[in-house]
2 protein chains.
Amino acid sequence: MVAGPTSAGPGKDRLRLWIRLLRASRTIEAELRERLKKEFDTTLPRFDVMAALYRVPEGMLMSDLSRFLLVSNGNVTGIVDRLVSEGLVTRARRNGDRRTSMVRLTEEGTKSFAAIAAAHESWVGELLGNVSEDEARRLAGMLKSFRSNWEGRE
Amino acid sequence: MVAGPTSAGPGKDRLRLWIRLLRASRTIEAELRERLKKEFDTTLPRFDVMAALYRVPEGMLMSDLSRFLLVSNGNVTGIVDRLVSEGLVTRARRNGDRRTSMVRLTEEGTKSFAAIAAAHESWVGELLGNVSEDEARRLAGMLKSFRSNWEGRE
DNA sequence: GGCAATTATTTCAAGCTTAAAGTTTCATAA
DNA sequence: TTATGAAACTTTAAGCTTGAAATAATTGCC
């Protein structure tokens, strides 16, 4: 997924764009993963889950997390298991519907996430440093529009 | 890595851009992975390795593949193992330097890849369909420049 | 030549990821 | 009520991924 078009010709521009997109996100992602590990001894998936929960003090269902994070539900199970065993989130069975459980950040999880998120934001600022704020807005706009085709698709 | 900024404020534009970038590439990647599985019973990492090799008939060293694909060398070992067992690539010990081995597509691998790559390219064209060719070029240009900071970094 | 450092690769343990199959709970309609 | 089906979640098997440790071969220095 990271190699260039195998030949020249029409319709290669979108392929080239896709490859650049992928290389860019992989490079940044790798750097962030490494820093999360070194500085906070955590991982990107754990960070993702905590970031999702941070926005919603009342908590999220497992399936909400799965949908929001664009990962399978089996995947969420494992990550939340580990976060629970680290005392960063809780999984509370609900009275109303006993199939579901509400996942919430613990107090420790909230505090921990706030610190990590601050570092994370400054890292992203650094890693995207040569994109001007203005260009960032324009690029983000384009990416939003080209994603809208796919949002909520199945 | 997929949640939005946790608060408003200055310097959030780059963070928003990063999140959009990541959501876009994850969505497209998931779709391509699924189609590769369904249509060709293969995976994205295998496709990546084959794409890299396809450009270079004389073959690549394991470490070349690792650098080119931006993944660890232990990772490449496993993927190449599986491709070898499927008869799609060969790993040839070299006389000059017996630590290294040259990885090449087999004839079957070459034929197989050509078919998959054609489908892959048309999928990407479809998935990025609402980005005009012109916009694709501009976006790709921006992505190239903002990556150059990181290219070759360690 | 011989030995230390370097380079190329593999192995390993831990964790992430998916799709598919399994379990429990809920909703509903006969 | 009680089957039937749907929904929420977990489990499983297979594969991907990393960083670190282990192996093997080469290079460079004395």
Side-chain angles (χ1 to χ4, degrees), chain A residues 1-2 22 25-27 29-39 41-50 59-86 89 91-103 154, chain B residues 1-2 22 25-27 29-50 59-86 91-103 154:
Chain A
M1 229 46 196
V2 175
L22 193 53
S25 54
R26 283 196 185 171
T27 305
E29 208 170 341
E31 183 67 26
L32 293 175
R33 189 190 332 100
E34 196 179 326
R35 295 190 187 189
L36 281 175
K37 180 70 180 168
K38 286 228 193 308
E39 309 281 333
D41 190 34
T42 190
T43 67
L44 224 31
R46 283 164 165 87
F47 179 82
D48 284 349
V49 168
M50 294 178 78
M60 292 176 83
L61 301 182
M62 297 297 283
S63 42
D64 293 338
L65 280 168
S66 165
R67 258 189 303 279
F68 183 72
L69 298 173
L70 309 174
V71 301
S72 67
N73 37 9
N75 190 354
V76 175
T77 297
I79 298 165
V80 168
D81 282 352
R82 280 168 222 116
L83 286 173
V84 167
S85 77
E86 291 168 7
V89 313
R91 204 180 340 208
R93 217 86 208 173
R94 290 199 307 165
N95 286 348
D97 184 340
R98 277 195 311 252
R99 292 170 301 180
T100 66
S101 43
M102 195 58 100
V103 184
E154 49 248 77
Chain B
M1 230 45 193
V2 173
L22 193 52
S25 54
R26 283 197 185 169
T27 305
E29 209 171 341
E31 183 67 26
L32 293 174
R33 190 190 331 103
E34 195 180 326
R35 295 191 187 189
L36 281 175
K37 181 68 179 171
K38 287 229 192 309
E39 308 282 333
F40 296 101
D41 192 32
T42 189
T43 67
L44 225 32
R46 283 163 165 87
F47 178 82
D48 284 349
V49 168
M50 294 178 78
M60 292 176 84
L61 303 182
M62 295 298 282
S63 42
D64 293 340
L65 280 169
S66 165
R67 258 187 302 279
F68 184 71
L69 298 174
L70 309 174
V71 301
S72 67
N73 34 13
N75 189 355
V76 174
T77 298
I79 297 166
V80 167
D81 283 352
R82 280 168 221 118
L83 287 172
V84 167
S85 77
E86 290 167 8
R91 203 180 340 210
R93 218 87 208 172
R94 292 198 306 166
N95 286 349
D97 184 338
R98 278 194 309 251
R99 292 170 302 179
T100 66
S101 45
M102 195 58 98
V103 184
E154 56 247 70

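In this text, all values refer to a predicted model and were calculated from it rather than measured experimentally. Order of the sequence lines fixes the chain letters, A, B, ..., with proteins taken first and strands second; residue numbering starts at 1 for each chain.
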Check: Counting any heavy atom closer than 4.0 Å, what does B/T100 reach on the DNA or RNA strands: base, sugar-phosphate only, or nothing?
Finding: sugar-phosphate
Next item on the list: Find which nucleotide of DNA chain D each of A/V76 and B/I79 is nearest to by heavy atoms, and output the residue with the more 5' nucleotide.
Entry: A/V76
Next item on the list: Could you state the atom-to-atom distance from CE of A/M102 to P of D/dC9 in whole Å?
Entry: 9 Å
Margin query: When you measure from the side chain of A/S25 to the backbone of B/S25, do you find a donor-acceptor pair of N or O atoms at a distance under 3.5 Å?
Written below: no
Check: For the pair made of CG in A/D81 and P in C/dA14, what is the distance, rounded to whole Å?
Finding: 17 Å
Notebook entry, point to check: Are B/E29 and A/L22 close enough that some pair of their side-chain heavy atoms sits under 4.5 Å apart?
Noted result: yes
Note to self: Using whole Å, what does the distance between atom C1' of nucleotide C/dA19 and atom CG of B/L36 come to?
What the structure shows: 15 Å
Note to self: Without decimals, in angstroms, what is the distance between A/N75 CG and D/dT12 P?
What the structure shows: 16 Å
Check: Between C/dT9 atom P and B/L65 atom CG, what is the distance in whole Å?
Finding: 9 Å
Notebook entry, point to check: Phosphate oxygens OP1/OP2 of C/dT24: is one of them under 4.0 Å from a side-chain N or O of A/R98?
Noted result: no
Notebook entry, point to check: Looking at A/E31 and A/R35, does any basic side-chain N land under 4.0 Å from a carboxylate oxygen?
Noted result: yes
Next item on the list: Looking only at side-chain atoms of A/T43, point me to the closest of C/dG15, C/dT9, D/dT18.
Entry: C/dG15
Check: Taking for each residue the nucleotide of DNA chain C with the nearest heavy atom, is it A/P45 or A/R93 whose nucleotide lies nearer the 5' end?
Finding: A/P45
Check: Donor-acceptor pair under 3.5 Å: do we get one between B/R99's side chain and the base of D/dA24?
Finding: no
Next item on the list: For residues A/M62 and A/S101, determine if any side-chain heavy atom of one lies less than 4.5 Å from a side-chain heavy atom of the other.
Entry: yes
Note to self: Here's a test of your reading of the structure: between A/N95 and A/G78, which maps to the more 5' nucleotide of DNA chain C?
What the structure shows: A/G78
Next item on the list: Scan A/S63 against the nucleic acid and name what it touches under 4.0 Å (heavy atoms): base, sugar-phosphate only, or nothing.
Entry: sugar-phosphate
Next item on the list: Pick base, sugar-phosphate or nothing for B/R91, based on heavy-atom distances below 4.0 Å to the nucleic acid.
Entry: sugar-phosphate
Notebook entry, point to check: Taking for each residue the nucleotide of DNA chain D bearing the nearest heavy atom, is the 5' side occupied by B/D97 or by A/N73?
Noted result: A/N73
Check: Backbone N or O of B/R98 within a donor-acceptor pair of the B/R93 side chain at under 3.5 Å?
Finding: yes
Next item on the list: Could you tell me whether A/R46 contacts a base, only the sugar-phosphate backbone, or nothing, with contacts defined as non-hydrogen atoms closer than 4.0 Å?
Entry: sugar-phosphate
Margin query: Please report the distance, rounded to the nearest Å, between CD in B/E34 and C1' in C/dA19.
Written below: 10 Å
Next item on the list: Could you tell me the separation between the CG atom of A/L44 and the C1' atom of C/dG15, rounded to a whole number of Å?
Entry: 13 Å
Item checked: B/L61 CG - D/dT26 C1' separation (whole Å) -> 14 Å
